[in-house]
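So you know, we letter chains A, B, ... as the sequences are listed, proteins then strands, and number each from 1. Small disclaimer: the values here were computed from a predicted structure and weren't measured.
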2 protein chains.
Amino acid sequence: MGDKILKIDKLPTVRRLPAYLRLLKVFSSQGIDTVSSGQLAELMGIESILVRKDLELTGISGTPRIGFRISDLIRSIESFLGWATSTDAFLFGVGQLGTALLGYRELGQSGLKIIAAFDTDSDKLNRTFNGVRVFHVDKAPELLSRLNVQLAILTVPPEHAQQVTDLLVMNGIQGIWNYTPVSLEVPEGVTVQKEDLLSGLAVLSVRMSRAVVSQRCEEGS
Amino acid sequence: MGDKILKIDKLPTVRRLPAYLRLLKVFSSQGIDTVSSGQLAELMGIESILVRKDLELTGISGTPRIGFRISDLIRSIESFLGWATSTDAFLFGVGQLGTALLGYRELGQSGLKIIAAFDTDSDKLNRTFNGVRVFHVDKAPELLSRLNVQLAILTVPPEHAQQVTDLLVMNGIQGIWNYTPVSLEVPEGVTVQKEDLLSGLAVLSVRMSRAVVSQRCEEGS
DNA sequence: ATTGAATTGATAATAATATATCGAATAATG
DNA sequence: CATTATTCGATATATTATTATCAATTCAAT
(Lines give C-alpha, C1' and ligand atoms only; values in the text may rest on other atoms or scores of the structure.)
Protein backbone atom coordinates (compact mmCIF):
# COMPACT_ATOMS: atom_id res chain seq x y z
CA MET A 1 0.00 0.00 0.00
CA GLY A 2 1.59 3.23 1.20
CA ASP A 3 5.34 3.54 1.18
CA LYS A 4 5.15 6.49 3.55
CA ILE A 5 5.93 6.31 7.22
CA LEU A 6 2.88 5.25 9.17
CA LYS A 7 1.13 8.29 10.53
CA ILE A 8 -1.58 8.58 13.06
CA ASP A 9 -4.06 11.35 13.11
CA LYS A 10 -5.90 12.69 16.13
CA LEU A 11 -2.47 13.11 17.54
CA PRO A 12 -3.42 16.11 19.68
CA THR A 13 -6.23 14.04 21.07
CA VAL A 14 -3.92 11.18 21.91
CA ARG A 15 -1.62 13.62 23.68
CA ARG A 16 -4.49 14.76 25.86
CA LEU A 17 -5.67 11.30 26.81
CA PRO A 18 -3.25 10.86 29.72
CA ALA A 19 -4.52 14.08 31.27
CA TYR A 20 -8.11 12.89 30.97
CA LEU A 21 -7.11 9.62 32.50
CA ARG A 22 -5.54 11.33 35.49
CA LEU A 23 -8.64 13.39 36.15
CA LEU A 24 -10.95 10.45 35.70
CA LYS A 25 -8.98 8.41 38.18
CA VAL A 26 -9.20 11.20 40.74
CA PHE A 27 -12.97 11.35 40.30
CA SER A 28 -13.17 7.62 40.48
CA SER A 29 -11.20 7.50 43.72
CA GLN A 30 -13.66 10.00 45.14
CA GLY A 31 -16.53 7.68 44.41
CA ILE A 32 -17.92 9.85 41.63
CA ASP A 33 -19.08 7.81 38.70
CA THR A 34 -20.13 10.22 35.98
CA VAL A 35 -18.62 13.38 34.60
CA SER A 36 -19.70 15.87 31.96
CA SER A 37 -17.59 17.21 29.13
CA GLY A 38 -17.98 20.64 30.68
CA GLN A 39 -16.42 19.56 33.95
CA LEU A 40 -13.48 17.94 32.22
CA ALA A 41 -13.07 20.96 29.97
CA GLU A 42 -12.94 23.29 32.94
CA LEU A 43 -10.25 21.22 34.61
CA MET A 44 -8.24 20.85 31.43
CA GLY A 45 -8.53 24.47 30.44
CA ILE A 46 -10.07 23.66 27.06
CA GLU A 47 -13.51 23.84 25.45
CA SER A 48 -16.13 21.26 26.26
CA ILE A 49 -16.78 20.58 22.61
CA LEU A 50 -13.16 19.56 22.24
CA VAL A 51 -13.52 17.17 25.15
CA ARG A 52 -16.51 15.56 23.47
CA LYS A 53 -14.60 15.27 20.21
CA ASP A 54 -11.69 13.71 22.04
CA LEU A 55 -13.86 11.23 23.88
CA GLU A 56 -15.47 10.24 20.59
CA LEU A 57 -12.19 8.48 19.84
CA THR A 58 -12.69 6.16 22.78
CA GLY A 59 -15.99 4.94 21.41
CA ILE A 60 -17.77 5.70 24.67
CA SER A 61 -20.90 7.76 24.33
CA GLY A 62 -22.35 9.89 27.05
CA THR A 63 -25.92 10.38 28.11
CA PRO A 64 -27.53 13.78 27.85
CA ARG A 65 -28.06 15.59 31.12
CA ILE A 66 -25.67 13.20 32.87
CA GLY A 67 -22.37 12.98 31.05
CA PHE A 68 -20.03 10.02 30.73
CA ARG A 69 -19.58 6.98 32.91
CA ILE A 70 -16.14 7.37 34.41
CA SER A 71 -15.39 3.68 34.73
CA ASP A 72 -16.21 3.16 31.06
CA LEU A 73 -14.01 6.04 30.02
CA ILE A 74 -11.06 4.85 32.07
CA ARG A 75 -11.32 1.37 30.70
CA SER A 76 -11.71 2.56 27.16
CA ILE A 77 -8.87 5.08 27.23
CA GLU A 78 -6.53 2.61 28.86
CA SER A 79 -7.37 -0.01 26.31
CA PHE A 80 -7.03 2.47 23.44
CA LEU A 81 -3.56 3.40 24.65
CA GLY A 82 -2.61 -0.18 25.35
CA TRP A 83 -2.09 0.75 28.99
CA ALA A 84 -4.49 -1.81 30.37
CA THR A 85 -1.79 -4.43 30.38
CA SER A 86 1.72 -3.75 31.56
CA THR A 87 4.57 -3.43 29.06
CA ASP A 88 8.13 -4.21 30.04
CA ALA A 89 10.84 -1.75 29.13
CA PHE A 90 14.58 -1.27 29.46
CA LEU A 91 16.14 2.08 30.17
CA PHE A 92 19.50 3.00 28.66
CA GLY A 93 21.63 5.66 30.28
CA VAL A 94 21.32 6.03 34.04
CA GLY A 95 22.20 9.71 34.16
CA GLN A 96 20.15 12.32 35.92
CA LEU A 97 17.26 12.22 33.52
CA GLY A 98 17.38 8.45 33.33
CA THR A 99 17.31 8.17 37.09
CA ALA A 100 14.40 10.59 37.26
CA LEU A 101 12.46 8.42 34.84
CA LEU A 102 13.28 5.32 36.85
CA GLY A 103 11.70 7.04 39.82
CA TYR A 104 8.72 8.44 37.96
CA ARG A 105 5.86 6.57 39.55
CA GLU A 106 3.22 7.57 37.03
CA LEU A 107 4.92 5.46 34.40
CA GLY A 108 4.00 2.35 36.31
CA GLN A 109 0.39 3.48 36.42
CA SER A 110 0.58 3.93 32.67
CA GLY A 111 1.36 0.33 31.98
CA LEU A 112 5.08 0.88 31.60
CA LYS A 113 7.31 -1.23 33.76
CA ILE A 114 11.02 -0.53 33.58
CA ILE A 115 12.49 -3.87 34.51
CA ALA A 116 16.16 -3.13 34.00
CA ALA A 117 18.54 -0.29 33.26
CA PHE A 118 21.83 -0.19 31.39
CA ASP A 119 24.91 1.95 31.53
CA THR A 120 28.65 1.66 31.01
CA ASP A 121 29.77 3.56 34.07
CA SER A 122 31.32 1.07 36.48
CA ASP A 123 30.16 3.17 39.43
CA LYS A 124 26.59 2.41 38.51
CA LEU A 125 26.82 -1.22 37.48
CA ASN A 126 25.08 -3.81 39.58
CA ARG A 127 23.62 -1.13 41.76
CA THR A 128 19.95 -0.37 42.10
CA PHE A 129 18.41 2.97 41.22
CA ASN A 130 14.88 3.54 42.36
CA GLY A 131 14.44 -0.17 42.62
CA VAL A 132 15.80 -0.95 39.18
CA ARG A 133 19.01 -2.89 38.70
CA VAL A 134 21.69 -1.47 36.41
CA PHE A 135 23.56 -3.77 34.05
CA HIS A 136 26.39 -3.19 31.65
CA VAL A 137 25.16 -2.42 28.15
CA ASP A 138 26.98 -5.53 26.94
CA LYS A 139 24.39 -7.58 28.77
CA ALA A 140 21.54 -5.92 26.91
CA PRO A 141 21.41 -8.18 23.82
CA GLU A 142 21.01 -11.33 25.84
CA LEU A 143 18.46 -9.84 28.22
CA LEU A 144 16.49 -8.20 25.43
CA SER A 145 15.90 -11.47 23.67
CA ARG A 146 15.54 -13.58 26.79
CA LEU A 147 12.93 -11.30 28.35
CA ASN A 148 11.44 -10.37 24.99
CA VAL A 149 11.50 -6.67 25.77
CA GLN A 150 10.02 -4.52 23.00
CA LEU A 151 10.35 -1.02 24.36
CA ALA A 152 13.43 0.99 25.29
CA ILE A 153 13.88 4.38 26.87
CA LEU A 154 16.93 6.19 25.63
CA THR A 155 18.60 8.67 27.96
CA VAL A 156 22.21 8.11 26.95
CA PRO A 157 24.59 10.91 25.95
CA PRO A 158 23.90 11.98 22.36
CA GLU A 159 27.20 10.63 21.07
CA HIS A 160 26.15 7.08 21.97
CA ALA A 161 22.54 7.33 20.93
CA GLN A 162 22.78 5.82 17.46
CA GLN A 163 25.17 3.09 18.56
CA VAL A 164 22.85 1.94 21.34
CA THR A 165 19.93 2.19 18.96
CA ASP A 166 21.64 -0.11 16.48
CA LEU A 167 22.17 -2.61 19.24
CA LEU A 168 18.53 -2.39 20.23
CA VAL A 169 17.33 -2.81 16.67
CA MET A 170 19.57 -5.82 16.17
CA ASN A 171 17.90 -7.42 19.14
CA GLY A 172 14.36 -6.91 18.04
CA ILE A 173 13.29 -3.73 19.75
CA GLN A 174 9.90 -2.43 18.58
CA GLY A 175 9.78 1.04 20.06
CA ILE A 176 12.21 3.64 21.36
CA TRP A 177 11.28 6.55 23.59
CA ASN A 178 14.09 8.86 22.63
CA TYR A 179 15.11 11.58 25.06
CA THR A 180 18.32 12.34 23.22
CA PRO A 181 18.44 15.17 20.70
CA VAL A 182 19.57 12.74 18.00
CA SER A 183 17.33 11.85 15.06
CA LEU A 184 17.77 8.12 15.18
CA GLU A 185 18.08 5.96 12.10
CA VAL A 186 15.92 2.89 12.44
CA PRO A 187 14.54 0.38 9.97
CA GLU A 188 10.90 0.42 9.02
CA GLY A 189 8.75 -1.18 11.65
CA VAL A 190 10.59 0.30 14.58
CA THR A 191 8.76 3.21 16.16
CA VAL A 192 10.70 6.12 17.60
CA GLN A 193 9.08 8.76 19.74
CA LYS A 194 11.38 11.70 20.19
CA GLU A 195 11.09 14.11 23.07
CA ASP A 196 12.66 17.52 23.19
CA LEU A 197 12.59 19.24 26.55
CA LEU A 198 13.56 22.50 24.92
CA SER A 199 10.50 22.70 22.71
CA GLY A 200 8.32 23.43 25.70
CA LEU A 201 10.76 26.09 26.82
CA ALA A 202 10.67 27.60 23.35
CA VAL A 203 6.90 27.90 23.50
CA LEU A 204 7.05 29.40 26.97
CA SER A 205 9.69 31.91 25.91
CA VAL A 206 7.70 33.09 22.91
CA ARG A 207 4.45 33.28 24.82
CA MET A 208 6.08 35.24 27.61
CA SER A 209 7.58 37.76 25.24
CA ARG A 210 4.20 38.23 23.56
CA ALA A 211 2.53 38.66 26.94
CA VAL A 212 4.88 41.53 27.65
CA VAL A 213 4.12 43.10 24.30
CA SER A 214 0.38 42.85 24.81
CA GLN A 215 0.76 44.39 28.25
CA ARG A 216 2.57 47.33 26.73
CA CYS A 217 -0.23 47.77 24.21
CA GLU A 218 -2.85 47.82 26.96
CA GLU A 219 -0.89 50.44 28.86
CA GLY A 220 -0.67 52.53 25.74
CA SER A 221 -4.37 52.42 25.04
CA MET B 1 -9.63 44.18 22.99
CA GLY B 2 -9.79 40.40 23.16
CA ASP B 3 -10.78 38.82 26.43
CA LYS B 4 -9.42 35.49 25.26
CA ILE B 5 -6.18 33.98 26.43
CA LEU B 6 -3.32 35.12 24.28
CA LYS B 7 -2.58 32.53 21.65
CA ILE B 8 0.31 32.14 19.35
CA ASP B 9 0.14 30.38 16.08
CA LYS B 10 2.99 28.69 14.29
CA LEU B 11 3.30 26.76 17.49
CA PRO B 12 4.57 23.62 15.79
CA THR B 13 7.22 25.73 14.14
CA VAL B 14 8.25 27.23 17.46
CA ARG B 15 8.53 23.72 18.89
CA ARG B 16 10.94 22.76 16.14
CA LEU B 17 13.17 25.78 16.49
CA PRO B 18 15.34 24.32 19.28
CA ALA B 19 16.09 21.32 17.13
CA TYR B 20 17.14 23.53 14.23
CA LEU B 21 19.27 25.52 16.59
CA ARG B 22 21.08 22.42 17.80
CA LEU B 23 21.86 21.30 14.28
CA LEU B 24 22.97 24.73 13.20
CA LYS B 25 25.34 24.98 16.12
CA VAL B 26 26.87 21.64 15.23
CA PHE B 27 27.43 22.80 11.66
CA SER B 28 28.80 26.07 12.90
CA SER B 29 31.26 24.34 15.21
CA GLN B 30 32.45 22.35 12.21
CA GLY B 31 33.26 25.51 10.34
CA ILE B 32 30.40 25.10 7.88
CA ASP B 33 28.65 28.35 7.16
CA THR B 34 25.73 27.60 4.90
CA VAL B 35 23.08 24.91 4.91
CA SER B 36 20.19 24.06 2.61
CA SER B 37 16.63 23.35 3.66
CA GLY B 38 17.09 19.87 2.21
CA GLN B 39 20.00 19.08 4.50
CA LEU B 40 18.15 20.28 7.57
CA ALA B 41 15.06 18.38 6.52
CA GLU B 42 17.05 15.17 6.15
CA LEU B 43 18.49 15.54 9.63
CA MET B 44 15.17 16.45 11.18
CA GLY B 45 13.23 13.74 9.42
CA ILE B 46 10.79 16.19 7.84
CA GLU B 47 10.14 17.68 4.39
CA SER B 48 12.38 20.43 3.06
CA ILE B 49 9.39 22.60 2.24
CA LEU B 50 8.44 22.53 5.89
CA VAL B 51 11.92 23.64 6.85
CA ARG B 52 11.67 26.60 4.48
CA LYS B 53 8.27 27.52 5.91
CA ASP B 54 9.66 27.30 9.42
CA LEU B 55 12.67 29.42 8.62
CA GLU B 56 10.40 32.03 7.05
CA LEU B 57 9.37 32.86 10.61
CA THR B 58 12.91 33.92 11.44
CA GLY B 59 12.91 36.50 8.68
CA ILE B 60 16.13 35.14 7.24
CA SER B 61 16.02 34.40 3.53
CA GLY B 62 18.25 31.95 1.79
CA THR B 63 20.01 32.19 -1.50
CA PRO B 64 19.17 29.81 -4.32
CA ARG B 65 21.73 27.16 -5.06
CA ILE B 66 23.41 27.82 -1.69
CA GLY B 67 20.95 27.76 1.15
CA PHE B 68 20.95 29.75 4.34
CA ARG B 69 23.77 31.45 6.22
CA ILE B 70 24.10 29.49 9.43
CA SER B 71 25.31 32.36 11.54
CA ASP B 72 22.34 34.48 10.50
CA LEU B 73 19.93 31.67 11.28
CA ILE B 74 21.39 31.06 14.71
CA ARG B 75 21.28 34.71 15.59
CA SER B 76 17.77 35.12 14.30
CA ILE B 77 16.30 32.04 15.96
CA GLU B 78 17.92 32.87 19.27
CA SER B 79 16.63 36.38 19.13
CA PHE B 80 13.15 35.19 18.11
CA LEU B 81 13.06 32.88 21.12
CA GLY B 82 14.54 35.46 23.41
CA TRP B 83 17.44 33.10 24.05
CA ALA B 84 20.12 35.55 23.02
CA THR B 85 20.22 37.01 26.48
CA SER B 86 20.15 34.92 29.61
CA THR B 87 17.02 34.71 31.76
CA ASP B 88 17.21 33.93 35.45
CA ALA B 89 14.90 31.30 36.87
CA PHE B 90 14.07 29.63 40.16
CA LEU B 91 13.28 25.95 40.44
CA PHE B 92 10.74 24.69 42.94
CA GLY B 93 10.85 21.10 44.09
CA VAL B 94 14.27 19.44 44.21
CA GLY B 95 13.03 15.91 43.64
CA GLN B 96 14.37 13.60 41.01
CA LEU B 97 12.97 15.48 38.06
CA GLY B 98 13.92 18.81 39.58
CA THR B 99 17.46 17.64 40.14
CA ALA B 100 17.65 16.36 36.59
CA LEU B 101 16.61 19.76 35.28
CA LEU B 102 19.19 21.46 37.51
CA GLY B 103 21.79 19.32 35.81
CA TYR B 104 20.45 19.71 32.30
CA ARG B 105 23.23 21.61 30.61
CA GLU B 106 21.32 22.50 27.46
CA LEU B 107 19.09 24.82 29.45
CA GLY B 108 22.05 27.09 30.06
CA GLN B 109 22.74 27.16 26.34
CA SER B 110 19.12 28.13 25.81
CA GLY B 111 19.38 31.29 27.79
CA LEU B 112 17.91 29.81 30.95
CA LYS B 113 19.94 30.16 34.10
CA ILE B 114 18.57 28.49 37.20
CA ILE B 115 20.05 30.62 39.93
CA ALA B 116 18.40 29.05 42.95
CA ALA B 117 16.23 26.12 43.95
CA PHE B 118 13.62 25.74 46.67
CA ASP B 119 12.26 22.89 48.70
CA THR B 120 10.89 22.18 52.14
CA ASP B 121 12.83 19.02 52.90
CA SER B 122 15.39 19.81 55.57
CA ASP B 123 17.76 17.22 54.13
CA LYS B 124 18.08 19.32 51.03
CA LEU B 125 18.18 22.81 52.45
CA ASN B 126 21.37 24.82 52.13
CA ARG B 127 22.92 22.09 50.09
CA THR B 128 23.96 22.41 46.50
CA PHE B 129 22.55 20.28 43.70
CA ASN B 130 24.34 20.45 40.40
CA GLY B 131 25.83 23.72 41.43
CA VAL B 132 22.54 25.28 42.51
CA ARG B 133 21.87 26.18 46.12
CA VAL B 134 18.63 24.99 47.71
CA PHE B 135 16.68 27.33 49.97
CA HIS B 136 13.55 26.88 52.00
CA VAL B 137 10.43 27.91 50.12
CA ASP B 138 9.80 30.52 52.78
CA LYS B 139 12.79 32.41 51.44
CA ALA B 140 11.32 32.54 47.95
CA PRO B 141 9.23 35.72 48.26
CA GLU B 142 12.14 37.82 49.37
CA LEU B 143 14.53 36.41 46.80
CA LEU B 144 12.01 36.63 43.98
CA SER B 145 11.55 40.33 44.43
CA ARG B 146 15.13 41.08 45.33
CA LEU B 147 16.55 39.31 42.31
CA ASN B 148 13.60 40.21 40.12
CA VAL B 149 13.16 36.67 38.86
CA GLN B 150 10.36 36.30 36.34
CA LEU B 151 10.45 32.62 35.50
CA ALA B 152 9.88 29.58 37.69
CA ILE B 153 10.17 25.87 37.02
CA LEU B 154 7.66 23.84 38.95
CA THR B 155 8.61 20.27 39.87
CA VAL B 156 6.90 20.04 43.24
CA PRO B 157 4.50 17.25 44.21
CA PRO B 158 1.07 17.89 42.68
CA GLU B 159 -0.57 18.55 46.03
CA HIS B 160 1.62 21.62 46.54
CA ALA B 161 1.54 22.92 43.00
CA GLN B 162 -1.25 25.48 43.34
CA GLN B 163 -0.04 26.71 46.68
CA VAL B 164 3.47 27.37 45.39
CA THR B 165 1.99 28.96 42.30
CA ASP B 166 -0.03 31.39 44.39
CA LEU B 167 3.12 32.35 46.21
CA LEU B 168 4.92 32.90 42.92
CA VAL B 169 2.12 34.97 41.49
CA MET B 170 1.98 37.12 44.61
CA ASN B 171 5.62 37.91 44.10
CA GLY B 172 5.40 38.96 40.51
CA ILE B 173 6.28 35.83 38.56
CA GLN B 174 5.70 36.19 34.83
CA GLY B 175 6.04 32.63 33.60
CA ILE B 176 5.80 29.12 35.01
CA TRP B 177 7.19 26.02 33.38
CA ASN B 178 4.86 23.51 34.93
CA TYR B 179 5.99 19.89 35.18
CA THR B 180 3.22 18.94 37.57
CA PRO B 181 0.03 17.40 36.24
CA VAL B 182 -2.01 20.20 37.82
CA SER B 183 -3.84 22.79 35.71
CA LEU B 184 -2.70 25.85 37.55
CA GLU B 185 -4.95 28.82 38.22
CA VAL B 186 -3.12 32.02 37.47
CA PRO B 187 -4.25 35.58 36.81
CA GLU B 188 -4.17 37.02 33.35
CA GLY B 189 -0.71 38.08 32.33
CA VAL B 190 1.04 35.10 33.87
CA THR B 191 2.08 32.52 31.30
CA VAL B 192 1.99 28.84 32.17
CA GLN B 193 3.56 26.22 29.98
CA LYS B 194 2.46 22.78 31.02
CA GLU B 195 4.45 19.67 30.25
CA ASP B 196 3.12 16.16 30.41
CA LEU B 197 5.67 13.40 30.16
CA LEU B 198 2.94 10.88 29.57
CA SER B 199 1.65 12.48 26.40
CA GLY B 200 4.76 11.37 24.55
CA LEU B 201 4.33 7.88 25.91
CA ALA B 202 0.71 7.91 24.78
CA VAL B 203 1.76 8.74 21.23
CA LEU B 204 4.43 6.06 21.29
CA SER B 205 2.01 3.47 22.59
CA VAL B 206 -0.57 4.18 19.92
CA ARG B 207 1.98 4.28 17.13
CA MET B 208 3.50 1.01 18.26
CA SER B 209 0.17 -0.74 18.35
CA ARG B 210 -0.61 0.52 14.86
CA ALA B 211 2.79 -0.61 13.63
CA VAL B 212 1.96 -4.13 14.74
CA VAL B 213 -1.40 -3.97 13.00
CA SER B 214 0.12 -2.76 9.75
CA GLN B 215 2.68 -5.53 9.93
CA ARG B 216 -0.11 -8.06 10.22
CA CYS B 217 -1.78 -6.57 7.16
CA GLU B 218 1.39 -6.84 5.12
CA GLU B 219 1.77 -10.47 6.09
CA GLY B 220 -1.81 -11.09 5.03
CA SER B 221 -1.37 -9.51 1.60
C1' DA C 1 -47.98 13.15 31.98
C1' DT C 2 -45.92 17.58 30.99
C1' DT C 3 -42.61 20.80 31.32
C1' DG C 4 -37.99 22.57 31.91
C1' DA C 5 -33.06 22.48 32.20
C1' DA C 6 -28.89 20.40 30.93
C1' DT C 7 -26.02 17.78 28.08
C1' DT C 8 -24.86 15.04 24.23
C1' DG C 9 -23.60 14.35 19.38
C1' DA C 10 -24.36 15.21 14.35
C1' DT C 11 -23.26 18.53 11.11
C1' DA C 12 -21.10 22.57 9.52
C1' DA C 13 -17.84 26.29 9.62
C1' DT C 14 -13.47 28.07 10.60
C1' DA C 15 -8.72 28.01 11.54
C1' DA C 16 -4.24 26.10 11.56
C1' DT C 17 -0.81 23.20 9.64
C1' DA C 18 1.52 20.60 6.17
C1' DT C 19 2.46 19.54 1.40
C1' DA C 20 2.74 20.30 -3.63
C1' DT C 21 3.89 22.98 -7.78
C1' DC C 22 6.62 25.71 -10.28
C1' DG C 23 8.80 30.05 -11.83
C1' DA C 24 12.79 32.86 -10.47
C1' DA C 25 17.26 33.40 -8.76
C1' DT C 26 21.90 32.04 -8.27
C1' DA C 27 26.44 29.98 -8.45
C1' DA C 28 29.22 26.67 -10.74
C1' DT C 29 30.74 24.82 -15.15
C1' DG C 30 32.38 24.62 -19.64
C1' DC D 1 29.40 34.49 -21.58
C1' DA D 2 25.93 31.08 -22.03
C1' DT D 3 24.33 26.93 -19.98
C1' DT D 4 23.01 23.95 -16.42
C1' DA D 5 21.86 22.20 -12.09
C1' DT D 6 20.18 23.50 -7.76
C1' DT D 7 17.67 25.80 -4.34
C1' DC D 8 14.61 29.21 -2.78
C1' DG D 9 10.07 31.19 -2.07
C1' DA D 10 5.42 32.64 -3.80
C1' DT D 11 1.20 30.62 -4.54
C1' DA D 12 -2.08 27.05 -4.35
C1' DT D 13 -3.92 22.89 -2.40
C1' DA D 14 -4.78 19.30 0.89
C1' DT D 15 -5.06 17.76 5.41
C1' DT D 16 -5.88 18.11 10.16
C1' DA D 17 -7.67 20.29 14.26
C1' DT D 18 -10.68 23.31 16.66
C1' DT D 19 -14.82 25.77 17.37
C1' DA D 20 -19.76 26.79 16.51
C1' DT D 21 -24.66 25.61 16.01
C1' DC D 22 -28.51 23.33 17.15
C1' DA D 23 -31.81 19.41 17.22
C1' DA D 24 -32.40 15.30 19.96
C1' DT D 25 -32.18 13.07 24.28
C1' DT D 26 -32.57 12.42 29.00
C1' DC D 27 -33.50 13.19 33.84
C1' DA D 28 -35.82 15.78 37.41
C1' DA D 29 -39.41 18.44 39.03
C1' DT D 30 -44.01 19.69 38.99
Which part of the nucleic acid, if any, lies within reach of [X] when heavy atoms closer than 4.0 Å are counted: base, sugar-phosphate only, or nothing?
X       : answer
A:Ile46 : nothing
A:Thr13 : nothing
B:Leu50 : sugar-phosphate
A:Ser61 : sugar-phosphate

Separation of atom [atom1] in [X] from atom [atom2] in [N], rounded to whole Å:
X       : N      : atom1 : atom2 : result
B:Lys53 : C:dA16 : NZ    : C1'   : 13 Å
B:Ile60 : D:dG9  : CD1   : C1'   : 15 Å
A:Leu55 : C:dG9  : CG    : C1'   : 12 Å
A:Glu56 : C:dA10 : CD    : P     : 6 Å
B:Glu47 : D:dG9  : CD    : P     : 18 Å
A:Ile49 : D:dA17 : CD1   : C1'   : 12 Å
B:Arg15 : C:dT17 : CZ    : P     : 11 Å
B:Leu57 : D:dA10 : CG    : P     : 14 Å

* Asked: Got a donor-acceptor pair under 3.5 Å from the side chain of A:Lys10 to the base of D:dT18?
  ->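 No.
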Of the options [options], whose atoms approach the side-chain atoms of [X] most closely?
X       : options                : value
A:Asp9  : C:dT19, D:dT16, C:dA10 : D:dT16
B:Ser37 : C:dT8, D:dC8, D:dA10   : D:dC8
A:Pro12 : D:dT18, C:dT8, D:dA10  : D:dT18

* Please check if any side-chain donor atom of A:Ser145 sits under 3.5 Å from a side-chain acceptor atom of A:Asn171, or the reverse. =>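 A:Asn171 and A:Ser145 do not have a side-chain donor-acceptor pair below 3.5 Å.
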* Straight-line distance of A:Leu201 CG to B:Leu112 CG, nearest 0.5 Å ->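 If I round to the nearest 0.5 Å, the distance is 5.5 Å.
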* Spatial distance of atom CG (A:Leu184) from atom CG (A:Asp166) [nearest 0.5 Å] ->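 Taking CG in A:Leu184 and CG in A:Asp166, the distance rounds to 9.0 Å.
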* Asked: Ignoring hydrogens and geometry, is there a side-chain-to-backbone donor-acceptor pair from B:Gln39 to B:Ser36 under 3.5 Å?
  ->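 Yes, B:Gln39 side chain to B:Ser36 backbone: donor-acceptor pair under 3.5 Å.
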* Donor-acceptor pair, B:Asn178 side chain versus B:Ser183 backbone, under 3.5 Å? ->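 No; zero donor-acceptor contacts below 3.5 Å.
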* Structure fact -> Quick tally for nucleotides 24-30 of chain D: nucleotides whose base has a protein heavy atom under 4.0 Å get B, sugar-phosphate-only ones S, the rest -, giving -BBB---
* To do: Show your working on salt bridge (charged side-chain N to carboxylate O under 4.0 Å, His left out) between B:Lys25 and B:Glu78 and close with a plain yes or no.
  => CA-CA 11 Å; B:Lys25 284 179 176 173; B:Glu78 282 185 337; 3.2 Å; yes
* Are any of B:Arg52's side-chain N or O atoms less than 4.0 Å away from OP1 or OP2 of D:dG9? ->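 The answer is no; no side-chain N or O of B:Arg52 sits under 4.0 Å from OP1 or OP2.
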* Could you tell me whether the phosphate oxygens of C:dA18, OP1 or OP2, come under 4.0 Å of any side-chain nitrogen or oxygen in B:Arg16? =>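 Indeed, a polar side-chain atom of B:Arg16 lies that close.
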* Asked: Residues in salt bridge (charged side-chain N to carboxylate O under 4.0 Å, His left out) with A:Arg69, at least two apart?
  ->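 Salt bridge (charged side-chain N to carboxylate O under 4.0 Å, His left out) list for A:Arg69, sorted by chain: A:Asp72.
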* For A:Phe90, ring-ring contact (aromatic ring centres under 6.0 Å, His included) partners two or more places apart ->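 Once residues adjacent in sequence are excluded, the partners of A:Phe90 under the ring-ring contact (aromatic ring centres under 6.0 Å, His included) criterion are A:Phe118.
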